[in-house]
Amino acid sequence: VQCYIRDLLDGLVMPGGAGQLVAYITPPDPNEETDLPTAYIWPNDGDESRSSARGGTVPRNTGIGTPSGYKAFEHHMNVWVVWYGQDDDPNSDTWFPGMIDAIMLVLRTSPDTATARDPYTGQLTTLIDVGENMTYHVTLRALDDQRYNRYDGLITLELLELMQF
């Protein structure tokens, strides 16, 4: 799921000439400050259920390789967004909220349903409702040298992953 969200967002052109969004799961080492907007995708919490109310189906499997219904995983994924804007740019205060809007637009228009592949097992899963339920939070703070402001945003999205076990 993290890879799907990262690949969906990586390279997204940001408004205001801020460049393309660089999306990571694990930050690079060293993670140096850059003027490019950056996103980090990390899970918040989740729930696993075979409940039909969440998209799961019966029967329960009785061992590896036996037929079974679908299990539903409800994910809450965090997309942390960071951007350094010049404090003397009169448009920087509107650019960052515009970046959050652009990211949320891509998430809410993701294909429904979408297919994801587990990078370790190769198992295909089905993603449902990517971007249907999202919350966001934005903060701003001046940096020590006072020439730049650091804009931080957090988008939390819910989605359902169906997997057959």
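The basis for the numbers below is simple: all heavy atoms, side chains too, and nothing from hydrogens, waters or symmetry mates.
Leu154 places a side-chain heavy atom less than 4.5 Å from the side chain of Trp80. Side-chain contact between Asn149 and Arg141 is absent, with no heavy-atom pair separated by less than 4.5 Å. Here the side chains of Met77 and Gln2 are in contact, with some heavy-atom distance below 4.5 Å. Residues Tyr4 and Val130 form a side-chain contact, since some pair of their non-hydrogen atoms from C-beta on lies under 4.5 Å apart. In this structure the side chain of Thr113 never reaches within 4.5 angstrom of the side chain of Leu127, judged on heavy atoms. Between Thr126 and Glu161, the closest side-chain pair of non-hydrogen atoms is not below 4.5 Å. When side chains are defined from C-beta on, Cys3 counts as touching Ile25, because their heavy atoms get closer than 4.5 Å. For the pair Thr139 and Tyr151, the minimum side-chain heavy-atom distance is 4.5 Å or more.
Residues Glu158 and His75 have side chains that never bring a donor and an acceptor to within less than 3.5 angstrom of each other. Thr156 and Asn44 form no side-chain donor-acceptor contact under 3.5 Å, judged by distance and modelled atom types alone.
When every heavy atom of Gly122 is checked against every heavy atom of Arg117, the shortest pair comes out as O-NH1, 3.0 Å. The two atoms that bring Ala23 and Ile41 nearest to each other are CB-CD1, 4.0 Å, heavy atoms only. Contact between Gly19 and Leu36 at its shortest, heavy atoms only, is CA-CD2, 4.2 Å.
Leu157 CG to Ile103 CD1: the interatomic distance, rounded to the nearest 0.5 Å, is 11.0 Å. Atom CG of Leu9 is separated from atom OG of Ser110 by 9.5 Å, given to the nearest 0.5 angstrom. Distance check: His137 NE2 to Ile100 CD1 gives 10.5 Å after rounding to the nearest 0.5 Å. For the atom pair NZ of Lys71 and CE of Met163, the computed distance is 10.0 Å after rounding to the nearest 0.5 Å. Note that CG of Asp47 is 10.0 Å distant from CG of Leu160, once rounded to the nearest 0.5 Å. Atom CD1 in Ile155 sits 10.0 Å away from atom OH in Tyr136 (nearest 0.5 Å).
Ring geometry for Trp83 against Phe96 counts as parallel: the plane angle stays under 30°, on a 0 to 90° scale with 60° as the upper cut.
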Test log, rule salt bridge (Lys or Arg N to Asp or Glu O under 4.0 Å), inputs Glu132 and Arg108: CA-CA 6 Å; Glu132 285 298 311; Arg108 85 174 58 96; over 6 Å; no
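Residues Tyr24 and Val81 do not share a hydrophobic cluster, defined by chaining ILVMFWY side chains whose heavy atoms lie under 4.5 Å apart.
Side chain of Asn78 to backbone of Pro43: no donor-acceptor contact under 3.5 angstrom is found.
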